[in-house]
Amino acid sequence: MRRRPGQPGRRNDDEMTRMPKYTIGIVSQLLNLPPQVLRRYEEAGLLEPARQSGKNRLYSDYDISILEEIVELSNEGINANGIRYILQMRQEIYILRRQVTEARENQDGTPPSTDR
DNA sequence: CTTCTAACA
DNA sequence: TGTTAGGA
């Protein structure tokens, strides 16, 4: 029974990583990207930052990590459509990985912790 | 001063 | 992608 801190509430909504904190200006400086680019990434469906008061974008650490991914892929010459595709696959893999882990845990044998 | 959308080059 | 107009 090790490795099971979260039962109350929801599934492991890990850390406060999804907490909206940074305004577009901050993120812009943080990643050295003009605000327009950040808005366009959202427009292209690459991420969905939260909004404050319905208007202003608020990015979370999670959003930042996605943006870092986007920057890399973009630098490799992949366009928005390609990046969206890759990002979606990433998500799929993440979900499937979780399901695999759950499936293992539901097996009575309780296998050796061979994560990843 | 910061951010927002829309639009044009 | 850069920039600008026009409003909040």
Side-chain angles (χ1 to χ4, degrees):
Chain A
M1 274 151 207
R2 110 183 49 143
R3 223 198 228 277
R4 205 118 211 198
Q7 242 182 26
R10 262 181 189 271
R11 295 142 193 110
N12 275 342
D13 256 36
D14 291 346
E15 317 305 317
M16 2 161 276
T17 231
R18 290 171 185 280
M19 263 223 281
K21 314 178 195 179
Y22 318 100
T23 62
I24 198 171
I26 304 293
V27 179
S28 174
Q29 241 185 289
L30 231 49
L31 300 176
N32 291 303
L33 292 176
Q36 296 91 328
V37 169
L38 296 176
R39 299 194 184 99
R40 280 163 177 160
Y41 283 161
E42 176 181 11
E43 191 179 14
L46 303 187
L47 48 34
E48 289 187 356
R51 295 290 184 128
Q52 185 175 57
S53 311
K55 266 281 180 179
N56 295 20
R57 274 164 262 251
L58 275 191
Y59 296 82
S60 64
D61 285 319
Y62 175 66
D63 291 323
I64 301 282
S65 69
I66 292 179
L67 284 171
E68 288 171 341
E69 277 293 307
I70 294 174
V71 170
E72 281 182 40
L73 296 172
S74 186
N75 287 333
E76 286 174 40
I78 303 172
N79 63 28
N81 293 302
I83 295 176
R84 191 185 312 121
Y85 194 89
I86 293 172
L87 255 31
Q88 287 175 358
M89 289 187 94
R90 258 220 144 189
Q91 227 183 101
E92 281 296 308
I93 293 174
Y94 178 74
I95 293 172
L96 292 175
R97 215 178 243 169
R98 282 183 63 160
Q99 294 181 344
V100 169
T101 300
E102 284 177 29
R104 280 179 180 158
E105 290 177 348
N106 286 336
Q107 260 179 345
D108 282 356
T110 303
S113 40
T114 311
D115 292 41
R116 194 173 296 155

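Proteins get letters first, then strands, A, B, ... in listed order; numbering begins at 1 in each.
If you take CG on A/Leu67 and OG on A/Ser74, they are separated by 11.0 Å, rounding to the nearest 0.5 Å. Between atom CD of residue A/Gln36 and atom CZ of residue A/Arg40 there is a gap of 6.5 Å, rounded to the nearest 0.5 Å.
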Worksheet item: Dot-bracket for DNA chain B, 5' to 3', counting Watson-Crick or G-U wobble pairs under 3.5 Å, with [ ] for crossing pairs and | for inter-strand pairs?
Response: .|.|||||.

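To the nearest angstrom, P of B/dC1 lies 17 Å from CG of A/Asn56. Rounded to whole Å, atom P of B/dT2 lies 13 Å from atom CD1 of A/Ile24. Nucleotide B/dT2 holds its C1' atom 19 Å from the OH atom of A/Tyr22, rounded to whole Å.
In plain terms, the two heavy atoms of A/Ala44 and A/Arg84 that are nearest each other are O-NH2, 2.8 Å. Here the shortest heavy-atom pairing between A/Ile70 and A/Leu46 reads CD1-CB, 3.6 Å. Across every non-hydrogen atom of A/Leu58 and A/Lys21, the tightest pair is CD2-O, 4.0 Å.
The stretch residues 38-50 of chain A touches DNA chain B through A/Arg39, A/Arg40, each having a heavy atom under 4.0 angstrom from the strand.
The number of heavy atoms from other shown groups lying within 6.0 Å of CD (A/Glu76) is above 12.
Across all strands shown, A/Pro35 has no heavy atoms under 4.0 Å from either base or sugar-phosphate atoms.
At least one side-chain heavy atom of A/Glu42 sits less than 4.5 Å from a side-chain heavy atom of A/Pro49. A/Ile26 has its side chain within reach of A/Thr23: a pair of non-hydrogen atoms, C-beta onward, lies under 4.5 Å apart. Using a 4.5 Å heavy-atom cutoff, the side chains of A/Asp63 and A/Val27 are not in contact.
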Worksheet item: side-chain contact (heavy atoms from CB on, under 4.5 Å) between A/Leu30 and A/Tyr59: does it pass, once the steps are laid out?
Response: CA-CA 11 Å; A/Leu30 231 49; A/Tyr59 296 82; over 6 Å; no

Please write out the pairs of protein N or O atoms and N or O atoms of nucleotides 4-8 of chain C separated by less than 3.5 Å, giving the distance to one decimal.
none

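Linking ILVMFWY residues whenever their side-chain heavy atoms come closer than 4.5 Å, directly or via other members, places A/Tyr41 and A/Tyr22 in the same cluster.
A close approach under 4.0 Å does not occur between any side-chain nitrogen or oxygen of A/Thr23 and OP1 or OP2 of B/dT2.
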